[in-house]
Amino acid sequence: MSGCNLRIGHGYDVHRLTENRALILGGVAIPYEKGLLGHSDADVITHAIMDALLGAAGLWDIGHCFPDTDPALKDISSILLLERVRDMLKEQGFGVVNIDATIIAQQPKLSPYIPEMRHILAKTIGIQESQLNLKATTEEHLGFTGSGEGISAHAVALLESI
């Protein structure tokens, strides 16, 4: 594998569900009685993907790149932040090989929204939808996600030098 520069990164994010907020996942507004609490739009799956991409590139994480103390980022769309991460990867000479990501939520049922999320995320990153696997699962009523207190997400990204 000499001359081949592949790098893998893992991302994780979690946000509490709260009233009077929109639920945004993968850039899609999901009809639900609660949304996620956060400085930005709190889009956990987009945040996990950004952390996986940044980690693989050795660029720290979203908290370092987009601190929640920055008033300019208050309520910002995570898709806009993902565009910035995409540009950072290009500047560092990395291309995305693939991403595998999972949303963990007891409710609402997310499977009807997965195709649109996948489309938006892949388009924003500048990859084919076939390079992005996205799924959702519950935790069978266990833990904070299972009790409906929050939603979490994991993502793994593989990058290559370009």
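- Here the closest non-hydrogen pair linking Pro67 and Leu73 is O-CD1, 3.6 Å.
- In this pair, His15 and His47 present their aromatic rings perpendicular. The plane angle is above 60°, beyond the 30 to 60° band.
- Using modelled atom types and a 3.5 Å distance limit, the side chains of Asp68 and His39 yield no donor-acceptor pair.
- Nearest heavy atom pair, residue Ala155 against residue Ala101, reads CB-CB, 3.9 Å.
- Counting non-hydrogen atoms of neighbouring residues, nucleotides and ligands closer than 6.0 angstrom, the CD atom of Glu116 reaches no more than 12 such neighbours.
- The CD atom of Glu83 sits 11.0 Å away from the CE atom of Met50 when rounded to the nearest 0.5 Å.
- Between Thr137 and Thr102, the closest side-chain pair of non-hydrogen atoms falls below 4.5 Å.
- For the pairing with Lys135, the side chain to side chain contact (heavy atoms under 4.5 Å, CB included) check across Ile103, Ile114, Asp100 returns one residue only, Asp100.
- If you check the side chains of Gln128 and Ser130, you find no donor sitting under 3.5 Å from an acceptor.
- Between Asp13 and Asp51 the shortest side-chain heavy-atom distance does not fall below 4.5 Å.
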Test side chain to side chain contact (heavy atoms under 4.5 Å, CB included) applied to Leu25 and Leu36, step by step: CA-CA 9 Å; Leu25 294 170; Leu36 293 168; 4.0 Å; yes

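- One finds the NZ atom of Lys34 at 9.5 Å from the CZ atom of Arg16 (value rounded to the nearest 0.5 Å).
- Linking ILVMFWY residues whenever their side-chain heavy atoms come closer than 4.5 Å, directly or via other members, leaves Ile24 and Ile76 in distinct clusters.
- Counting only distance, with no hydrogens or angles, the side chain of Asp43 and the backbone of Gly27 share a donor-acceptor pair below 3.5 Å.
- Expressed to the nearest 0.5 Å, how far CD1 of Ile79 lies from CZ of Arg86 amounts to 10.5 Å.
- Across every non-hydrogen atom of Pro112 and Pro115, the tightest pair is O-CD, 3.8 Å.
- Residues passing the salt bridge (Lys or Arg N to Asp or Glu O under 4.0 Å) test with Asp75, sequence neighbours excluded: Arg21.
- Put simply, the side chain of Thr46 does not reach to within 4.5 Å of the side chain of Asp41, judged on heavy atoms.
- Residues Leu17 and Tyr113 are members of one and the same hydrophobic cluster, defined by side-chain heavy-atom contacts under 4.5 angstrom among Ile, Leu, Val, Met, Phe, Trp and Tyr.
- In Glu129, the CD atom is crowded: over 12 heavy atoms of neighbouring residues, nucleotides or ligands sit closer than 6.0 Å.
- Under the 4.5 Å side-chain heavy-atom criterion for Ile, Leu, Val, Met, Phe, Trp and Tyr, Leu54 and Leu158 are members of distinct hydrophobic clusters.
- Between atom CG of residue Leu81 and atom CE of residue Met88 there is a gap of 10.5 Å, rounded to the nearest 0.5 Å.
- Taking every heavy atom of both residues into account, Thr145 and Ser152 meet most closely at CG2-OG, 3.7 Å.
- Tyr12 and Ile151 fall into different hydrophobic clusters, where Ile, Leu, Val, Met, Phe, Trp and Tyr are joined by side-chain heavy atoms under 4.5 Å apart, directly or via other members.
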Go through Leu53 and Phe94 one step at a time and tell me if the side chain to side chain contact (heavy atoms under 4.5 Å, CB included) criterion holds. CA-CA 10 Å; Leu53 293 168; Phe94 289 108; over 6 Å; no

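- The structure places CG of Leu121 at 6.5 Å from CG of Leu134, a figure rounded to the nearest 0.5 Å.
- In this structure, Ala157 and Ile99 approach most closely via the heavy-atom pair CB-CG1, 4.0 Å.
- The closest side-chain heavy-atom distance from Val44 to Ile104 is not below 4.5 Å.
- Taken to the nearest 0.5 Å, the CD1 atom of Ile62 stands 13.5 Å off from the CG atom of Leu59.
- Here the side chain of Gln106 pairs no donor or acceptor atom with the backbone of Ser147 at under 3.5 angstrom.
- A 4.5 Å side-chain heavy-atom check between Pro108 and Leu110 finds at least one atom pair inside the cut-off.
- Put simply, the side chain of Gln131 gets close to the backbone of Val97: a donor and an acceptor are under 3.5 Å apart.
- Put simply, Tyr32 and Ile45 are part of the same group of oily side chains (I, L, V, M, F, W, Y) that touch within less than 4.5 Å, one to the next.
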